[in-house]
Amino acid sequence: MSNSEERIPVIVGVGQINDRPDDPANGLDPTALMAAALRRADEDAGGGWLEVCDSLAVVSQLAWPHLNPVDGKLAETLGIAPAHREQTAMPNGDSPIRLLNEAANRIGAGEAKVCAVVGAEALRTAAKLAAARQAVNKEQGGGQQTKPNALRDASHRVRKGYVQSHGLTVPVDVYPLYENALRHKYGQTLAEAQAESGAIWSGFSQTAAANENAWMREAVSPVDVVTTSGQNRPIAFPYTKLQVANSSVNQGAGFLVTSLAEARRRGVPEGKLIYVGYGAAAHEDNNFMTRARFDGSASLETSISKAMELNTVTTTDLAHVELYSCFPCVPKMARRVLDWPLDRPMSVFGGLTFGGGPIGNYMSHAVASMVDALRESGGKGLLFANGGYATHNHTILISAEPLDAQFPQDFDYQAEADAKRGAVPEMDRDYTGPATLETYTVHYKRDGSVKLGTIVATTPNGDRTLAIVRPDDEQTLAFLTGGTADPIGASGTITRDEDGVGFWSGV
């Protein structure tokens, strides 16, 4: 056996779990979900792998903020003692792919024999328990509180200020800014853009319906995806509930990476080995208001195109893809970089709405489902992940066939992304006067009524500023959401109140 086989990373085991007790309050916590997923991955690989695992990497979670699974409890639950242990700083959507790339690097560098990557969320159970606590508090005179929302709560703990006062707090507030700007760039009418979103999301639902590991297993039509109803309320224009990630899940997924040599020593059948190819990562500025543009992403483009280049593959070489799907604007951008047809599946798991959206760990499910798909069909699969507020991007190739990739590799292609990026407009938080609409969204309450609109605008000297549209400004709201005209590029006027909040007027 050649020494090179000791440094060739392969995925040998994958495991997924959905935890759906009749009473969500009885659900497993994230550590238990992670342990279950890794035990299934171990069984999938033939058993005996966890006991020699020397690297354990965990995607951080939101459901149990006090819980740090990698601090000893997860290893203790599994009865293992890996020398290397890490947990990601944030539960970003690209985390599982970065951890896969890093596991391949450890195998390639001879730093580890068996690497385990895992994550889980139990937000369904966490919300049920929080609601029960609130009910007790109310009975004891504490008064009515708002419905628990772990993601929004986490965002508020981190940031308060100018952008939040203009309606931008969590990802679902921000991604529509990309959606509406992209529609203008692509030259689409609102109906055409929504039809594309409906087609992509309907395809996800069909994939999920056929995947026993998906959370929602009922196919929906393109029209149903984009049409508001009692079951599909508007969230942030133009997104409905069926177009956004479903985080109310109890899900865990993990996978095991080892060397080709170790896999063969342990007798893993050749048909179960999935080879790891090169990855490429790049990111945008963490401040989503200091982006050069909202009608594209230099880091997304670089991540995908560079991964294709490194692995010397073209779109026609790919048997399957997983294009991250927190909101429609992301796979729309990704498929255009790939020139991926609208009628080809864009997920092997089912997307974050139907497969399930366990915050940062979705792509662990995608890795597991991609492994299953490649074992069945052969060929190559591309995994594209996105995280934060359209911030972090990491793409990697895996294959049922041997690859020429050599590890460790430097997957950081930030310099190339930065070279593609245009100038970032200065932020003018105090501007008043005439301005041009750059992009926008409208936020809705749970009953479907308008909460407020958010306008991103440019000033005559090219600076960027924010304003809101009042919920009673029916004329402006109709212009923004009616679809009869393209609001991008429209002129208006911004005034500010004593708190510095801007207000947009003009159609």
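Note that the coordinates shown come from a computational prediction; the quantities given were computed from them, not determined experimentally. Throughout, numbering of the chain's residues begins at 1 and tracks the sequence.
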Is there a donor-acceptor contact under 3.5 Å linking the side chains of N386 and H392? no
Let me know which of I107, L403, T258, I274 forms a side chain to side chain contact (heavy atoms under 4.5 Å, CB included) with V10. T258
I'd like to know if the side chain of S377 pairs up with that of H320 as donor and acceptor (distance under 3.5 Å, no hydrogens or angles considered). yes
Taking the side chain as C-beta and beyond, is there a heavy-atom pair between T353 and V244 under 4.5 Å? no
Are Y162 and M427 close enough that some pair of their side-chain heavy atoms sits under 4.5 Å apart? yes
Which residue pairs pass the salt bridge (Lys or Arg N to Asp or Glu O under 4.0 Å) test when at least one of the two sits in residues 336-349, sequence neighbours left out? E196-R336
Does the plane of the ring in W64 sit parallel, tilted or perpendicular to the ring in H66? Use 30° and 60° as the thresholds. tilted
Could you tell me whether the side chain of I235 reaches within less than 4.5 Å of the side chain of T240, counting heavy atoms only? no
Is there any ring pair (Phe, Tyr, Trp, His ring centres under 6.0 Å) pair reaching into residues 249-286, and which pairs are they, with sequence neighbours excluded? Y278-F407
Quick one: does any side-chain atom of R291 pair with a main-chain N or O of D285 as donor and acceptor, under 3.5 Å? yes
Heavy atoms, side chains only, cut-off 4.5 Å: are E284 and R421 in contact? yes
Derivation and outcome, salt bridge (charged side-chain N to carboxylate O under 4.0 Å, His left out), residues E6 and R265: CA-CA 11 Å; E6 301 285 356; R265 277 193 292 267; 2.8 Å; yes
Q251 and E121, any side-chain heavy atoms less than 4.5 Å apart: no
L67 and Q61: which non-hydrogen atoms are nearest, and at how many Å? O-NE2, 3.0 Å
Listed once per pair and sorted, the ring pair (Phe, Tyr, Trp, His ring centres under 6.0 Å) pairs that draw on residues 330-352, sequence neighbours left out: F349-Y362, F349-H365
Report yes if some heavy atom in the side chain of S197 is under 4.5 Å from a heavy atom in the side chain of K332; otherwise report no. yes
Tell me, please, whether W215 has R20 positioned over its six-membered ring: NZ or CZ under 6.0 Å from the ring centre and within 45 degrees of its axis? yes
Any side-chain to backbone donor/acceptor pair from T315 onto L338? Under 3.5 Å, distance only. yes
Answer with yes or no after comparing the ring centroid distance for Y324 and F384 against a 6.0 Å cut-off, counting only values under it. no
Take atom CD of E43 as the centre, draw a 6.0 Å sphere, and report whether it contains more than 12 heavy atoms from other residues, nucleotides or ligands. no
Is it the case that the side chains of T169 and Q164 hold a donor-acceptor pair, with the cut-off being a distance below 3.5 Å and no angle test? no
Identify the heavy atoms of V348 and E322 that sit nearest to each other, and give their distance. N-OE1, 2.8 Å
